[in-house]
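Reading through the structure tokens given below for one structure.
Chain naming here is simple, since letters A, B, ... match the order of the sequence lines and numbering starts at 1 in each.
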Number of protein chains: 2
Amino acid sequence: MKRRVPRMNDQESQAWLGLTAMFSLLPSALDRQLQRDSGLTHFEFVVLSTLQLSPEPTLRMTAIAQATDATLPRLSHVCGRLEKRGLVVRSPCAEDRRATNVGLTSDGRRELIRAVPGHIATARRLVIDALTPDQLDALTEITGAIIARLADEPGNPPQAYRAEGSLTQP
Amino acid sequence: MKRRVPRMNDQESQAWLGLTAMFSLLPSALDRQLQRDSGLTHFEFVVLSTLQLSPEPTLRMTAIAQATDATLPRLSHVCGRLEKRGLVVRSPCAEDRRATNVGLTSDGRRELIRAVPGHIATARRLVIDALTPDQLDALTEITGAIIARLADEPGNPPQAYRAEGSLTQP
DNA sequence: ACCGATTACTTGTCGCGTCAACCAACGCGT
DNA sequence: ACGCGTTGGTTGACGCGACAAGTAATCGGT
């Protein structure tokens with residue numbers, strides 16, 4: 001049953017090496033900047049962005065969870081904290097009384113808008129501006145290919161709505 | 001003092017979107033596989049690999065921390081657990097009695113060797129085999145460029161020894 | 001030789017995420 | 001209309017990592 005897996009060659013292990021190195025550094029760098037300048041976790045930022053970019057004024061927990069690749073408990077905890085901080089409101093849904101609708105408060109919108117420029121600047125500084133246009137295209141294709149593989153994995157929701165991409169200053 | 005940061009265009013935000021999506025999925029996928037098949041965290045795996053690949057039979061905490069981009073407290077905790085599980089030994093260093101040397105036990109080496117094939121297989125399945133040779137090269141360059149930016153950041157150690165790259169089945 | 005500063009690590013506390021258990025509401029079949 | 005499986009969400013306990021503080025040894029100057 002156990003298939004033999006070929007060792008990696010130089011080309012492969014270099015790419016893998018780079019990927020893992022980036023993994024161990026970039027997320028914490030992004031988190032640090034947001035935390036320092038805006039008191040937000042990257043994930044909190046993503047949740048607020050998702051709400052802000054949604055056409056509807058309010059979203060269901062499940063919808064946010066799908067859009068952000070988060071588990072429901074995680075989202076629930078985070079929304080609890082955000083609500084305590086007054087950035088978000090939860091209200092029971094009228095049509096389906098199991099569901100809860102989450103919406104941005106004006107404070108939440110304000111905080112988000114305050115946080116966006118710094119976050120974009122960091123994204124530029126660490127990633128976008130480090131790459132040539134060709135590399136940007138290549139990166140899009142590469143991540144697309146990898147995400148496609150991940151979608152077939154057990155344990156992951158296949159398709160996500162994906163908000164943060166259109167990072168705009170509203 | 002506050003500089004205006006241009007919004008992202010389509011090309012840029014697509015790349016950024018892909019990157020963040022990958023970030024939210026790939027690490028957990030890798031962790032899950034290792035945890036399920038070998039009872040190891042990805043980071044524990046990296047620590048064991050670092051020890052295994054080192055020319056010396058033993059490494060100082062600081063050296064491992066640098067090689068793995070980990071903080072010293074984190075590494076200390078992890079080594080504590082690994083030691084309790086018998087995969088690693090800590091012994092005070094003779095020349096510098098502040099330092100502690102960490103070494104693989106034979107159990108640790110055995111567990112690591114058992115874990116490697118599955119990990120490589122997953123790396124192949126989710127990343128390497130999803131990409132063309134050209135994309136592999138592109139990925140190496142891209143991660144290199146980003147890591148270079150990260151090296152200039154405050155809070156990160158610039159250069160790391162980087163073990164996992166040469167994933168081999170010893 | 002001794003005192004302050006630095007290095008090398010450890011320990012404790014706290015926050016976040018996961019997992020498991022739980023509860024409430026919906027909805028379908030009979 | 002009743003029961004049972006499913007869906008939507010919350011809660012609690014545990015594990016891991018970050019941060020801060022503490023300890024112990026070494027170095028460097030005088």
Measure from the side-chain N and O atoms of Thr20(A) to the backbone N and O of Leu17(A), and report whether any donor-acceptor pair falls under 3.5 Å.
yes
Please give, in whole Å, the distance from dG8(D) P to Asn101(A) CG?
13 Å
Quick one: is Arg74(A) getting a side-chain N or O under 4.0 Å of the dG17(C) phosphate, OP1 or OP2?
yes
Heavy atoms under 4.0 Å, any strand shown: does Ser76(B) hit a base, just sugar-phosphate, or nothing?
base
Out of dA24(C), dT26(D), dT13(C), which nucleotide sits closest to the side chain of Arg98(A)?
dA24(C)
d(CG, Asp31(A); P, dA18(D)) in whole Å:
11 Å
Measure CG/Leu82(A) against P/dT10(D) and give the value in whole Å, please.
13 Å
Test item: Thr100(B) side-chain N/O and Pro92(B) main-chain N/O as donor-acceptor pair under 3.5 Å
no
Would you check, one step at a time, whether the test side-chain hydrogen bond (donor to acceptor under 3.5 Å, both in side chains) holds for Asp31(B) with Gln35(B)?
CA-CA 6 Å; Asp31(B) 257 327; Gln35(B) 190 68 49; over 6 Å; no
Which listed nucleotide (dA8(C), dG8(D), dG17(D)) is nearest to the side chain of Val78(B)?
dG17(D)
Distance in angstrom units between Arg60(A) CZ and dT10(D) C1', rounded:
16 Å
Residue met sooner reading DNA chain D from 5', once His77(A) and Ala99(A) are mapped to nucleotides:
Ala99(A)
When rounded to whole Å, the CG to C1' distance for the pair Asp96(A) and dA25(C) reads 7 Å
Is a donor from one side chain sitting under 3.5 angstrom from an acceptor on the other, for Asp69(A) and Ser24(B)?
yes
To the nearest angstrom, how far is Met61(A) atom CE from dA24(C) atom C1'?
15 Å
Start at the 5' end of DNA chain C and walk down; is the nucleotide closest to Pro73(A) or to Leu75(B) reached first?
Leu75(B)
Between dT11(C) atom P and Glu83(B) atom CD, what is the distance in whole Å?
10 Å
Looking only at heavy atoms, which two atoms of Gln11(B) and Thr140(A) are closest? And how far apart?
O-OG1, 4.4 Å
Between dG17(D) atom C1' and Phe23(A) atom CZ, what is the distance in whole Å?
18 Å
Is there a side-chain polar atom (N or O) of Arg90(A) under 4.0 Å from OP1 or OP2 of dT10(D)?
yes
When you measure from the side-chain N and O atoms of Arg81(B) to the phosphate of dG17(D), is any distance below 4.0 Å, counting only OP1 and OP2?
yes
